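A short worksheet on the structure shown next.
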4 protein chains.
Amino acid sequence: MATETRGRMTAMPVISAKRMQDRIDAIVEAATAVFGAKGYEAASIAEIARAAEISDGLIYRYFSNKRDLLYRVLEAFYERVVAALEKEAANGATFEDRLHALIRRHLGNFVADRELCRLFLSEVRVASDYKGSAIQNLNRRYVSVLTALIEAGIGQGEVKADASPRLVRNVIFGAIEHIAWPYVNGDGKLDVDETAKAVTALIYGGIGIPAKT
Amino acid sequence: MATETRGRMTAMPVISAKRMQDRIDAIVEAATAVFGAKGYEAASIAEIARAAEISDGLIYRYFSNKRDLLYRVLEAFYERVVAALEKEAANGATFEDRLHALIRRHLGNFVADRELCRLFLSEVRVASDYKGSAIQNLNRRYVSVLTALIEAGIGQGEVKADASPRLVRNVIFGAIEHIAWPYVNGDGKLDVDETAKAVTALIYGGIGIPAKT
Amino acid sequence: MATETRGRMTAMPVISAKRMQDRIDAIVEAATAVFGAKGYEAASIAEIARAAEISDGLIYRYFSNKRDLLYRVLEAFYERVVAALEKEAANGATFEDRLHALIRRHLGNFVADRELCRLFLSEVRVASDYKGSAIQNLNRRYVSVLTALIEAGIGQGEVKADASPRLVRNVIFGAIEHIAWPYVNGDGKLDVDETAKAVTALIYGGIGIPAKT
Amino acid sequence: MATETRGRMTAMPVISAKRMQDRIDAIVEAATAVFGAKGYEAASIAEIARAAEISDGLIYRYFSNKRDLLYRVLEAFYERVVAALEKEAANGATFEDRLHALIRRHLGNFVADRELCRLFLSEVRVASDYKGSAIQNLNRRYVSVLTALIEAGIGQGEVKADASPRLVRNVIFGAIEHIAWPYVNGDGKLDVDETAKAVTALIYGGIGIPAKT
DNA sequence: CATGAATGAGTGTTCATTCAT
DNA sequence: AATGAATGAACACTCATTCAT
């Protein structure tokens, strides 16, 4: 009887991998909207399910819990911006050009995805489960683009040899985040071009006029 | 004391102003400890009341709600650090010395009051009720110390004339916060002296080596 | 300032101990009714609170959780029947009379409190948290009344010297429970007098006619 | 095989009766293991399906619901022990021997199938759907073996003529169950031989020493 | 003034069962 | 026949806040 198989039947999957991915995408999209609009706590699974036009329970087939869903929303976002930043890193003739491009791109992300940035800054990076998460890894990849640029700059003699790439990177990201936060939090504006230029100039050139000896 | 009455003349304080202030201080002290140890959400009014050795309900005579109590805890803290920073601002011979002193002091605050800093960064500044709060005003006073220093530096010809005091201030505070955060969040160490020196040097001197013309 | 006290204020309790006990009694009474009528799982805290005319949350001031409430319901019941059985143990001239009285009383309990007995047999004794519970201790006290009677009977020469009090006690309680169960479970009747007589006679006299040698 | 068709003639079994029976057996076997190990509530259909290496949904082609599956598990078990007990009933020279043999066998079942016995005692016999079930019928057949033995004993003049077979049977099963329960429930040991002897002696001979006249 | 009993809204999660494929 | 994706009902528990005493 050739048609008899042993063990688990390997019939055609009832749902195609594509449809499954569509489901995940739909849920992530709905969750992105709801989390973005109301924040993590105020958002309810029921509302997300309604937005995705599925039942509450189905969310738990694809995501292990509400927190997991939040993380997946931000992972999807982070993957996108990491890829874009890595691509950006190649552009620019001089070190200063490249630095400016990265700073500009980073600032631009806050404008393009204000709500996801707020979600990340106010509900995830600050949380106890951030450490060791996939998001933290993505964040590391993101910031390492800048570290690499600085190291290259040192190697090329375009950056002071005693500059600490890690410190410079922290100063840049910290500065930008601080500047962008009021805007991200819904208060104030953010002029990407001008800010990028000003920050680049400051970091590159410092502010001091050495006392004449 | 003749002003002490019984019955319902509630307009007249039945306990002395001093005792009332002692109460408030005791509650704030207890709340500081509990909020610091467990975070805002995880802390309960009942636990704070127990720590202050009073009843739950009495807290509501002095504070309008849990959130208000949190803010008062941080206001007390902020008042302390603002005063200290304003005093610090006077020290130092050159601009660079003064800048270094402020940066050092700011970093030192993260170490001295790690838990309150975490509370502020992760539960207050990020929240929707931060805008317009007394805390925000204190924060403005705090950061304006640095703005004033930079303006003075420009006036004295020690700082580039085209430097934007607001931008520089944001870069400095953002940078420091970003650098200190892992430590504040309970992960990693923070070498105040070294970090202060490095940040000061970077901000003051920039990182670039201008291309020779 | 003589009116100032230190530490926790010892004002008159806002609620008297009696009123507190009344509350507990009311909740236990309501829970007894609801658990008895619907069983443990099917009963909801909301329904019990409604029956006791209080809010859901108040139940949790007096009982740590739903399970605890169930146990307290049955403890109250068990305390009652243990006391009654212990009192009963004194009655009766001969051993056989006393044995009969205890058996009768035990059977009577099933009739008088059918629903609580069912609750105990079907939802508690069978559960994993029964071992080590207060209920198990009460049960031990309950059954030890019979053990003591048998031991006394042996001492008085009214019971075979080689009878194991523990075994006899188990046989009697097991037998009665088995006989009463259909009734307790809502199926069939239970003639207490007749059953008590028959069980007593069987245990006391056995069923065998020794083969003549 | 000509009867095998493709398409929608669903009235005709597409798989052979034998294979169908194998399926049922596999599911029952898997369910026996899972229910035995975790209890009814804690066991999930998904886990049983996984253990049987089929899909969740297929279980519902052979069993109408989870409860039905539980009953079929216990029916299979009961059929086995009923047959064994009926066979046992023939052994033994005297009434006392035969009684002893049945008691011994019954106790032995608790040891041999502790988990299924616990399942039956704690999740089925106690439930509202037990009455009228196939299990109850099997139970009746099981216990009637003992009733028949006693009736025969009366007929042979080996048992008191006024003994009620039903009562005696209930006393014996109730007693044994009560004695075995702690063991079945995972607490304590059970010495089958000794217990069987002691119970037999007690039932057969009673405990009383008639007062001298 | 001080107490602490009382309130009650609010929601993530599981899983037996169904049914489109 | 077999799959497994999809459904959706159901509920204990917490705790900030109020207010009778």
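Just so it is clear, the model here is predicted, and its values are computed rather than measured. To find a chain, count down the sequence lines: A is the first, B the second, and so on, and within it residues start at 1. Just so it is clear, the values below take in all heavy atoms, side chains as well, and ignore hydrogens, waters and symmetry mates.
The distance from atom CD of B:Glu47 to atom P of E:dG4 is 17 Å, rounded to the nearest whole Å. Taking atom CE of C:Met20 as the reference point, atom P of F:dA20 lies 21 Å away to the nearest angstrom. Spacing between atom CG of A:Leu70 and atom C1' of E:dG12 amounts to 15 Å, rounded to whole angstrom units. A straight line from NZ of A:Lys18 to C1' of E:dT21 spans 17 Å, rounded to a whole angstrom. Residue C:Asp22 contributes atom CG, which lies 15 Å from atom P of E:dA5 at whole-angstrom precision. In this structure, C:Ile48 atom CD1 and F:dC13 atom C1' are separated by 14 Å, rounded to whole Å. When rounded to the nearest whole Å, the span between CG of C:Leu69 and C1' of F:dC13 equals 14 Å. One atom, OH of A:Tyr62, and another, P of F:dG4, lie 12 Å apart when rounded to the nearest Å.
C:Ile59 comes within contact range of no nucleotide atom at all, as no heavy-atom separation falls under 4.0 Å. Using a 4.0 Å heavy-atom criterion, one finds that A:Phe63 contacts no nucleic acid atom at all.
For the pair D:Ser55 and F:dT3, the criterion of a side-chain N or O lying under 4.0 Å from OP1 or OP2 is met. Taking only side-chain nitrogens and oxygens, C:Arg19 comes nearer than 4.0 Å to OP1 or OP2 of E:dA6. A close approach under 4.0 Å does not occur between any side-chain nitrogen or oxygen of D:Arg23 and OP1 or OP2 of F:dA1.
Not a single side-chain hydrogen bond (donor to acceptor under 3.5 Å, both in side chains) links B:Arg72 to another residue, sequence neighbours left out. For D:Tyr78, the side-chain hydrogen bond (donor to acceptor under 3.5 Å, both in side chains) criterion is met by D:Asn139, not counting sequence neighbours. Remark: A:Arg118 engages no residue in a salt bridge (Lys or Arg N to Asp or Glu O under 4.0 Å) (not counting sequence neighbours). Take D:Ser133 and apply the side chain to side chain contact (heavy atoms under 4.5 Å, CB included) test, not counting sequence neighbours, and it matches D:Tyr71, D:Tyr130, D:Ile135, D:Gln136. For A:Arg61, the salt bridge (Lys or Arg N to Asp or Glu O under 4.0 Å) criterion is met by no residue, not counting sequence neighbours.
Atom CZ of A:Arg23 is separated from atom OH of A:Tyr62 by 6.0 Å, given to the nearest 0.5 angstrom.
Closest approach of B:Leu116 to B:Val73, counting heavy atoms only: CD2-CG1, 4.0 Å.
Stem list for DNA chain F (at least 3 consecutive Watson-Crick or G-U pairs, distances under 3.5 Å): E:2-21 with F:2-21.
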Under 3.5 Å donor-acceptor pairs involving side-chain atoms of residues 39-59 of chain A, not counting sequence neighbours:
residue, atom, partner, partner atom, Å
A:Tyr40, OH, A:Arg67, N, 3.1
A:Ser44, OG, A:Glu47, N, 3.1
A:Glu47, OE1, A:Lys38, NZ, 3.1

Tabulate below the donor-acceptor pairs under 3.5 Å that side-chain atoms of residues 24-35 of chain D make, not counting sequence neighbours, or state none.
residue, atom, partner, partner atom, Å
D:Asp25, OD1, D:Gln21, NE2, 2.9
D:Thr32, OG1, D:Val28, O, 2.6

Check: protein-nucleotides 13-17 of chain E nitrogen or oxygen pairs below 3.5 Å:
residue, atom, partner, partner atom, Å
E:dT13, OP2, A:Tyr60, OH, 2.9
E:dT13, OP2, A:Lys66, N, 3.0
E:dA16, OP1, D:Ala43, O, 3.4
E:dA16, OP1, D:Lys66, NZ, 3.1
E:dA16, OP2, D:Ile45, N, 2.9
E:dT17, OP2, D:Tyr60, OH, 2.9
E:dT17, OP2, D:Lys66, N, 2.7

